[in-house]
2 protein chains.
Amino acid sequence: MKQTDTKTLILDVAQDLIQRLGVNGMSYKDISESVGIRKSSIHTHFPKKDDLLAALLDRYSDCFVRIVDGIIASSDAAEVKLRRYCGLFEATLSSGDQDKACLCAMLGAELATLNHPLVERVRSFYQANEERLVILLNIGLKDGSFQFAGDTQTMASLIFGLLEGGMLLARAGGGSDQFHRVIEQLMQLIKS
Amino acid sequence: MKQTDTKTLILDVAQDLIQRLGVNGMSYKDISESVGIRKSSIHTHFPKKDDLLAALLDRYSDCFVRIVDGIIASSDAAEVKLRRYCGLFEATLSSGDQDKACLCAMLGAELATLNHPLVERVRSFYQANEERLVILLNIGLKDGSFQFAGDTQTMASLIFGLLEGGMLLARAGGGSDQFHRVIEQLMQLIKS
DNA sequence: GTCTATAGCGCGATAGAC
DNA sequence: GTCTATCGCGCTATAGAC
């Protein structure tokens with residue numbers, strides 16, 4: 001088992017910085033100071049900033065989607081599955097000593113400043129999440145634990161939107177407590 | 001009646017830029033090119049960038065809250081009032097030729113890069129909106145047109161979060177059509 | 001109030017020694 | 001793979017002429 005290599009360390013630090021400050025609020029200088037190397041050394045691992053961002057998005061998306069698929073495949077009840085899914089966002093908000101938003105919520109806000117390959121990655125993260133939410137909601141509808149009027153796809157967009165938006169608002173005001181209450185409120189709205 | 005003065009023009013352009021690119025993605029150069037003056041001339045009206053941002057936030061918040069108070073004070077049914085409130089966010093998204101998010105959703109994402117006086121202004125915009133949503137929801141609960149389990153304050157946070165978050169997601173994917181469907185879905189969830 | 005010119009800094013990126 | 005040194009650029013901000 002080898003120790004954490006520099007490349008991974010750079011990704012870790014960059015992710016933390018973007019989740020707090022945004023892409024355009026974070027710099028190679030910030031990364032280098034946290035990692036403990038010179039900024040020119042970052043270019044050895046990621047020649048351009050876009051290379052770093054692309055690698056970061058791929059890692060984040062793959063990891064997140066893998067966990068979500070695990071939740072869906074589990075033997076938990078639909079209600080527990082959805083709660084665990086929302087718990088991923090709560091965990092992100094509360095990780096570290098300062099409030100972090102979802103990486104793709106930050107990139108979504110700054111979307112118009114990103115190059116096309118990166119925009120596509122953000123887009124597919126959103127789509128992957130909404131697709132999984134549709135599956136998750138359908139499980140609950142089928143076994144009778146969920147009940148709501150209207151379209152399942154639209155309900156998935158609503159839930160994903162309030163999770164991504166709720167994290168941003170929680171950082172400015174009510175904190176993780178408010179975010180947790182919002183999620184519980186959501187559960188009440190769709191439970192049968 | 002005097003014609004639009006430069007100061008107002010600068011605020012208009014800056015607001016549009018921030019709603020598309022974020023605070024850290026927008027520059028004095030961008031503003032000067034759109035307004036048609038030199039960058040240094042902007043400093044005549046707003047000595048520091050923070051002065052510009054503070055004036056922008058005050059104007060945006062005052063204007064928005066005044067409209068919302070008008071909606072609340074109107075003789076419309078509670079359901080219509082809420083639909084009109086959500087319509088303000090839809091109008092923002094669809095104004096201009098490119099998708100714009102709420103000014104305070106953009107600043108909320110980049111909150112950790114802002115100075116304290118600006119953070120406070122973003123915070124009070126959120127609070128003002130949630131307060132108005134509480135009033136609006138209580139009107140509907142009282143006259144029986146709304147019905148939902150749980151706390152009204154939490155429901156207000158949920159709605160505000162999905163509006164702010166939904167706009168960000170709409171820009172990347174489903175557009176204003178998806179955003180509109182999400183709002184209609186919300187109406188169905190809380191109607192009695 | 002707008003202009004030209006420029007200061008001073010931080011950014012991403014590159015070259016070349018070790 | 002990390003370092004030092006540096007380039008070229010864009011940024012906010014200031015000084016001073018008109």
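Each chain gets a letter, A, B and so on, in the order the sequences are listed, and its residues count up from 1.
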Lys/Arg-Asp/Glu bridge criterion (N-O < 4.0 Å) met for B/Arg83, B/Glu184: yes

Sorted by number, the residues of residues 104-122 of chain A with heavy-atom contact under 4.0 Å to DNA chain D: none

Positive for salt bridge (charged side-chain N to carboxylate O under 4.0 Å, His left out) with A/Arg121, one of A/Asp62, A/Asp50, A/Asp58: A/Asp58

Phosphate OP1/OP2 of D/dG10 contacted by B/Ser27 side-chain N/O (<4.0 Å): no

Pairs where residues 126-145 of chain A contributes a residue and the test ring-ring contact (aromatic ring centres under 6.0 Å, His included) is met, not counting sequence neighbours: A/Tyr126-A/Phe160

Proximity to the side chain of A/Arg38 - top-ranked nucleotide from C/dG12, D/dT12, D/dT4: D/dT4

Partners passing side chain to side chain contact (heavy atoms under 4.5 Å, CB included) against B/Ser145 (at least two apart in sequence or in another chain): B/Ala78, B/Asp143

A/His43 NE2 - C/dA13 C1' separation (whole Å): 5 Å

Side-chain N,O (B/Ser41) to OP1/OP2 (C/dC3) below 4.0 Å: yes

Atom-pair distance (CG on A/Asp30; C1' on C/dG12), nearest Å: 13 Å

Residues in side-chain hydrogen bond (donor to acceptor under 3.5 Å, both in side chains) contact with B/Tyr85, at least two apart in sequence or another chain: B/Asn129

Separation of D/dA13 C1' from B/Ile42 CD1 (nearest whole Å): 12 Å

Length of the CD1-C1' vector between A/Ile37 and D/dC3, whole Å: 11 Å

side-chain hydrogen bond (donor to acceptor under 3.5 Å, both in side chains) partners of B/Asp51, counting only residues at least two apart: none

Length of the OH-C1' vector between A/Tyr28 and D/dT2, whole Å: 16 Å

A/Arg38, CZ: over 12 other non-hydrogen atoms inside 6.0 angstrom: no

Collect all protein-nucleotide pairs involving nucleotides 5-9 of chain D in which both atoms are nitrogen or oxygen and the distance is under 3.5 Å.
none

Under the side-chain hydrogen bond (donor to acceptor under 3.5 Å, both in side chains) test, residues paired with B/Asp12 that sit two or more places apart: B/Arg59

Joint cluster assignment, B/Phe125 & B/Val134, ILVMFWY side-chain distance < 4.5 Å: no

Under the side chain to side chain contact (heavy atoms under 4.5 Å, CB included) test, residues paired with A/Ala128 that sit two or more places apart: A/Val65, A/Arg132

Nearest-Å distance for atom pair CG/P, residues B/Asn24 and D/dG10: 18 Å

Worked check of salt bridge (Lys or Arg N to Asp or Glu O under 4.0 Å) between B/Arg181 and B/Asp177: CA-CA 6 Å; B/Arg181 285 194 297 273; B/Asp177 291 350; 5.2 Å; no

Contact residues, residues 44-54 of chain A to DNA chain D [heavy atom, < 4.0 Å]: A/Thr44, A/His45

Listed partners of A/Ser192 passing side-chain hydrogen bond (donor to acceptor under 3.5 Å, both in side chains), at least two apart: none

Axis bend over the full length of the helix from C/dG1-D/dC18 to C/dC18-D/dG1, computed from five pairs that close each end, to 10 degrees: 0°

4.5 Å side-chain heavy-atom contact, A/Cys102 and A/Tyr60: yes

Candidates A/Leu118, A/Thr113, A/Ile18 - the one meeting side chain to side chain contact (heavy atoms under 4.5 Å, CB included) with A/Leu107: A/Ile18

DNA chain D-proximal residues of residues 6-21 of chain A, any heavy atom under 4.0 Å: A/Thr6

Rounded distance (Å) that lies between atom P of C/dA13 and atom CD1 of A/Ile31: 11 Å

Plane angle bin for A/His43 and A/Tyr28 - parallel if under 30°, tilted between 30 and 60°, otherwise perpendicular: tilted

Single-linkage hydrophobic cluster, 4.5 Å side-chain cutoff, A/Val80 and A/Ile190 together: no

